[in-house]
Amino acid sequence: MNGVRQAQAQTQEQEQTQVHDTVAVRIWRVARAPFTSATWRRTAYALLALPIGLACVPLALLGAPTARWQRGLIRRFLCTEIPGTARAGGLPHALLATPLNLITAFITLYGWAIVPMNIGWPLRAGDDYSSAWGGPTFAGAWAFHAVLGGIGFLLLMPWVVRGLTAVQVRVARSLLS
């Protein structure tokens with residue numbers, strides 16, 4: 001009986017260690033995400049998709065292989081292969097993906113701009129910080145903006161950009177394949 005209890009205790013200890021390790025790995029992934037090359041490739045794609053898509057509309061009307069260019073952009077920045085021919089779907093993708101590309105570019109640019117804007121809050125605060133969030137003291141207002149607006153968005157934006165670019169890839173797969 002004593003051996004069974006020891007085995008159960010060891011199993012419970014292993015499960016607790018496993019749960020702790022899983023949580024630590026998840027926290028590490030969230031903290032590391034803003035500093036990975038994949039995050040910045042996705043951000044670059046989110047910002048470049050709109051101007052390139054808009055440039056592809058008149059070029060596709062002139063007969064240029066814009067579908068190949070758009071698939072190449074996705075392959076280069078998002079490491080995703082989309083099969084298709086050189087001319088299949090270039091104009092429809094450029095036209096139909098434009099609203100999504102506009103929303104994605106706006107959210108990406110604004111979200112990443114919030115990070116330095118809030119970390120450097122004292123540079124834009126002005127004289128009266130008593131009514132600012134985190135006020136009435138200067139230190140409280142700066143801490144609030146730096147932690148929630150700066151570090152919070154620094155950790156949040158890689159996941160937002162990942163989700164937005166995943167939607168862009170789905171649209172591209174349906175229109176360019």
Taken in chain and number order and not counting sequence neighbours, the residues that satisfy side-chain hydrogen bond (donor to acceptor under 3.5 Å, both in side chains) with Arg29 are none

Between Gly150 and Ile119 the two heavy atoms that sit nearest each other are CA-CG1, 3.7 Å

Requested in this report: May I ask whether Val160 and Val115 are part of the same hydrophobic cluster, defined by side-chain heavy atoms of I, L, V, M, F, W, Y residues being less than 4.5 angstrom apart, directly or through others?
Outcome: yes

Margin query: Met157 vs Ile114, test: side-chain contact (heavy atoms from CB on, under 4.5 Å). Steps then yes/no.
Written below: CA-CA 10 Å; Met157 282 311 296; Ile114 285 175; over 6 Å; no

Q | Stepwise side-chain contact (heavy atoms from CB on, under 4.5 Å) test for Thr108 and Leu47 | A | CA-CA 7 Å; Thr108 301; Leu47 296 175; 4.1 Å; yes

Output for pair (Leu91 CG, Leu96 CG), nearest 0.5 Å, gives 8.5 Å

Between Ala94 and Gly53, the two heavy atoms sitting closest are CB-O, 3.5 Å

* Do Leu100 and Leu95 sit in the same hydrophobic cluster, where Ile, Leu, Val, Met, Phe, Trp and Tyr count as joined when their side-chain heavy atoms come under 4.5 Å apart? -> no

Common cluster, Leu175/Ile103, ILVMFWY with side-chain heavy-atom separation under 4.5 Å
no

Looking only at heavy atoms, the pair that brings Cys56 and Thr66 closest together is O-CG2, 3.6 Å

Single-linkage hydrophobic cluster, 4.5 Å side-chain cutoff, Val167 and Tyr110 together
no

Report whether Val161 and Val169 are members of the same hydrophobic cluster (ILVMFWY, side-chain heavy atoms less than 4.5 Å apart, transitive linking).
no

Residues at least two apart in sequence or cross-chain that pass side-chain hydrogen bond (donor to acceptor under 3.5 Å, both in side chains) with Thr165, listed by chain then number, are none

The side-chain hydrogen bond (donor to acceptor under 3.5 Å, both in side chains) partners of Ser174 (sequence neighbours excluded) come to none

To the nearest 0.5 Å, atom CD1 of Ile52 lies from atom CG of Leu59 at 11.0 Å

On a heavy-atom basis, the closest approach of Gln168 and Ala46 is OE1-CA, 4.3 Å

Sequence neighbours excluded, the answer for side chain to side chain contact (heavy atoms under 4.5 Å, CB included) partners of Ala172 is Ile74, Ile82, His93, Leu176

Between the OG1 atom in Thr43 and the CZ atom in Arg162, the distance rounded to the nearest 0.5 Å is 11.0 Å

Taking every heavy atom of Trp40 against every heavy atom of Pro34, the minimum-distance pair comes out as NE1-O, 2.8 Å

Members sharing Leu102's hydrophobic cluster, built from side-chain contacts under 4.5 Å between Ile, Leu, Val, Met, Phe, Trp and Tyr, are Leu50, Leu54

Residues at least two apart in sequence or cross-chain that pass side-chain hydrogen bond (donor to acceptor under 3.5 Å, both in side chains) with Arg41, listed by chain then number, are Ser37

Would you check, one step at a time, whether the test side-chain contact (heavy atoms from CB on, under 4.5 Å) holds for Phe153 with Asn118? CA-CA 9 Å; Phe153 270 83; Asn118 280 313; 5.5 Å; no

Do Phe35 and Leu154 pass the side-chain contact (heavy atoms from CB on, under 4.5 Å) test, and can you show the C-alpha distance, the side-chain angles, and the key distance before you say yes or no?
-> CA-CA 10 Å; Phe35 308 104; Leu154 180 69; 4.1 Å; yes

